[in-house]
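Note that ligands are numbered from 1 as they come in the structure, with each ligand's atoms numbered from 1 the same way. Sequential numbering from 1 along the given sequence is applied to the chain's residues.
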Amino acid sequence: MSKTLFEKICDREIPADIVYEDELCVAFKDIHPQAPLHVQLVPRKPITMLSKADAADQALLGHLLLTAPKIAAAQGYADTFRLAINNGAAVGQSVFHLHLHILAGRPFKWPPG
Ligand code: AMP
């Protein structure tokens with residue numbers, strides 16, 4: 001199967017502004033930022049969307065949630081950020097490789113539009 005866009009970024013086949021990486025995940029600046037901080041945090045494993053993850057991914061998903069605040073803090077937004085996961089095209093998912101949007105640096109409305 002061909003690599004997803006985000007796998008290619010993880011493998012450095014496509015350039016990106018990588019702000020964090022470890023053995024399980026990579027984080028890079030969004031190409032069309034929607035806030036002063038807009039980072040994509042992606043698992044190296046190409047899970048298409050959150051609803052396709054399973055019990056074998058439990059530790060990985062926990063790792064992503066524990067890593068996101070560290071990335072926000074390292075970018076100057078400790079304790080004040082929004083995480084978003086679009087799951088499915090109808091709610092805005094355009095890249096079918098699980099990713100957590102880390103957003104910060106402006107007011108955010110609730111509920112999200
Ligand atoms: P989603 O719509 O939830 O699937 O989010 C996909 C995100 O990936 C969007 O915010 C895009 O701006 C972002 N994106 C698409 N291509 C790239 C790229 N080459 N580098 C960084 N971010 C990208």
Side-chain angles (χ1 to χ4, degrees):
M1 231 169 80
S2 61
K3 287 186 179 182
T4 68
L5 171 66
F6 286 174
E7 274 183 285
K8 290 178 183 172
I9 288 176
C10 290
D11 292 343
R12 289 184 156 71
E13 292 169 14
I14 290 178
D17 187 353
I18 292 174
V19 297
Y20 176 85
E21 66 180 320
D22 63 27
E23 69 282 6
L24 294 176
C25 61
V26 177
F28 50 90
K29 298 260 180 85
D30 196 286
I31 203 166
H32 297 302
Q34 301 301 313
L37 179 70
H38 189 177
V39 165
Q40 296 299 333
L41 174 57
V42 312
R44 292 185 186 275
K45 180 179 177 182
I47 300 166
T48 55
M49 57 175 74
L50 183 61
S51 57
K52 301 299 184 191
D54 60 27
D57 299 313
Q58 185 165 326
L60 173 59
L61 296 177
H63 181 72
L64 294 171
L65 284 179
L66 290 172
T67 301
K70 295 176 186 167
I71 294 170
Q75 294 292 316
Y77 297 99
D79 301 328
T80 306
F81 56 87
R82 177 172 286 182
L83 286 186
I85 298 174
N86 293 323
N87 192 91
V91 299
Q93 186 174 6
S94 61
V95 178
F96 286 82
H97 181 145
L98 174 63
H99 49 282
L100 284 65
H101 295 254
I102 306 173
L103 298 140
R106 65 166 172 81
F108 290 92
K109 292 181 180 166
W110 190 260

Q: Taking only heavy atoms of Ser94, which atoms of ligand 1 are found under 4.0 Å from at least one of them?
A: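 Atoms satisfying the 4.0 Å criterion: 1 (P), 2 (O), 4 (O), 5 (O), 6 (C).
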Q: What protein heavy atom is closest to atom 8 (O) of ligand 1, reported as residue, atom name and distance in Å?
A: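 Nearest protein contact, heavy atoms only, for atom 8 (O) of ligand 1 is Phe6 CZ, 3.4 Å.
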Q: Would you say CG of Asp22 has more than 12 non-hydrogen atoms from neighbouring residues, nucleotides or ligands within 6.0 angstrom?
A: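 Count over threshold, so yes.
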Q: Give the atoms of ligand 1, by number and element, whose distance to some non-hydrogen atom of Leu5 is under 4.0 Å.
A: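 Once the distances to Leu5 are compared, the set is 16 (N).
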Q: Decide if atom CD of Gln58 counts as having more than 12 heavy atoms of other residues, nucleotides or ligands within a radius under 6.0 Å.
A: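 No, CD of Gln58 has 12 or fewer neighbouring heavy atoms, counting only those of other groups under 6.0 Å.
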Q: Is a donor on one side and an acceptor on the other found under 3.5 Å between the side chain of Asp30 and the backbone of His38?
A: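 Side chain of Asp30 to backbone of His38: no pair is present.
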Q: Report yes or no: does Gln93 contribute a side-chain atom to a donor-acceptor pair with the main-chain N or O of Gly88 at less than 3.5 Å?
A: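 Judged by distance alone, yes, a pair lies under 3.5 Å.
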Q: Rounded to the nearest 0.5 Å, what separation is found between the CG atom of Leu100 and the CD1 atom of Ile71?
A: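 One gets 9.0 Å once the value is rounded to the nearest 0.5 Å.
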Q: Relative to the heavy atoms of Gln40, which atoms of ligand 1 are at a distance of less than 4.0 Å?
A: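 Here the atoms of ligand 1 in question are 7 (C), 10 (O).
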Q: Is ligand 1 less than 4.0 angstrom away from at least one heavy atom of Asp17?
A: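 The answer is no, since Asp17 has no heavy atom less than 4.0 Å from ligand 1.
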Q: Distance-only, no hydrogens or angles: does the Arg82 side chain make a donor-acceptor pair with backbone N or O of His101 under 3.5 Å?
A: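 Looks like no, no N/O pair under 3.5 Å.
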Q: Using a strict cut-off of 4.0 Å, indicate which atoms of ligand 1 neighbour a heavy atom of Lys29.
A: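 So the answer, numbered in order with elements, is 21 (C).
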Q: Between Val95 and ligand 1, does any nitrogen or oxygen pair lie at a separation below 3.5 Å?
A: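 Yes; at least one N/O pair falls below 3.5 Å.
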Q: Quick one: pull up CZ in Phe6 and CD1 in Ile47 and give me the separation to the nearest 0.5 Å.
A: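 Reported value, rounded in 0.5 Å steps: 14.0 Å.
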Q: Is the closest heavy-atom distance from Gly92 to ligand 1 below 4.0 Å?
A: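 So Gly92 counts as touching ligand 1.
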Q: Working to the nearest 0.5 Å, report the span between CG of Leu64 and CD1 of Ile85.
A: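 So the CG of Leu64 and the CD1 of Ile85 are separated by 8.0 Å.
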Q: Compute the minimum heavy-atom distance from Gln34 to ligand 1 and say whether it is under 4.0 Å.
A: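 No, that is not the case, since the closest heavy atom of the residue is not under 4.0 Å from the ligand.
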Q: Are more than 12 heavy atoms from other residues, nucleotides or ligands located less than 6.0 Å from atom NZ of Lys3?
A: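 Counting other residues, nucleotides and ligands, NZ of Lys3 exceeds 12 neighbours.
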Q: Once rounded to the nearest 0.5 Å, what's the spacing between atom CG of Leu37 and atom CG of Leu103?
A: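 Interatomic distance, Leu37 CG to Leu103 CG, rounded to 0.5 Å: 7.5 Å.
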Q: Could you see which bit of Ile9 sits under 4.0 Å from ligand 1, with heavy atoms only: side chain, backbone, both or neither?
A: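 The side chain, only.
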Q: How far does NZ of Lys52 sit from CG of Leu98, to the nearest 0.5 angstrom?
A: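 Between atom NZ of Lys52 and atom CG of Leu98 there are 13.0 Å.
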Q: Which of the numbered atoms in ligand 1 are below 4.0 angstrom from a heavy atom of His101?
A: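 Taking each heavy atom of His101 in turn, ligand 1 has 1 (P), 3 (O), 5 (O), 10 (O) under 4.0 Å.
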Q: Tell me whether Asn86 has any N or O atom under 3.5 angstrom from an N or O of ligand 1.
A: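 By distance alone, the answer is yes.
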Q: Would you mind checking which non-hydrogen protein atom is closest to atom 1 (P) of ligand 1, with the distance to 0.1 Å?
A: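 Of every protein heavy atom, His99 NE2, 3.1 Å lies nearest to atom 1 (P) of ligand 1.
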Q: For Asp30 and ligand 1, answer yes if some heavy atom of the residue is under 4.0 Å from a ligand atom, otherwise no.
A: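 Under 4.0 Å: yes for Asp30.
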Q: Considering only heavy atoms, which of Leu103, Ile31, Val42 lies nearest to atom 15 (C) of ligand 1?
A: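 The nearest heavy atom belongs to Ile31.
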Q: Can you check whether His38 has an N/O within less than 3.5 Å of an N/O in ligand 1?
A: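 Min N/O separation from ligand 1 is not below 3.5 Å for His38.
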Q: Below 4.0 Å from ligand 1: does a non-hydrogen atom of Phe96 turn up there or not?
A: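 Flag not set, Phe96 not near ligand 1.
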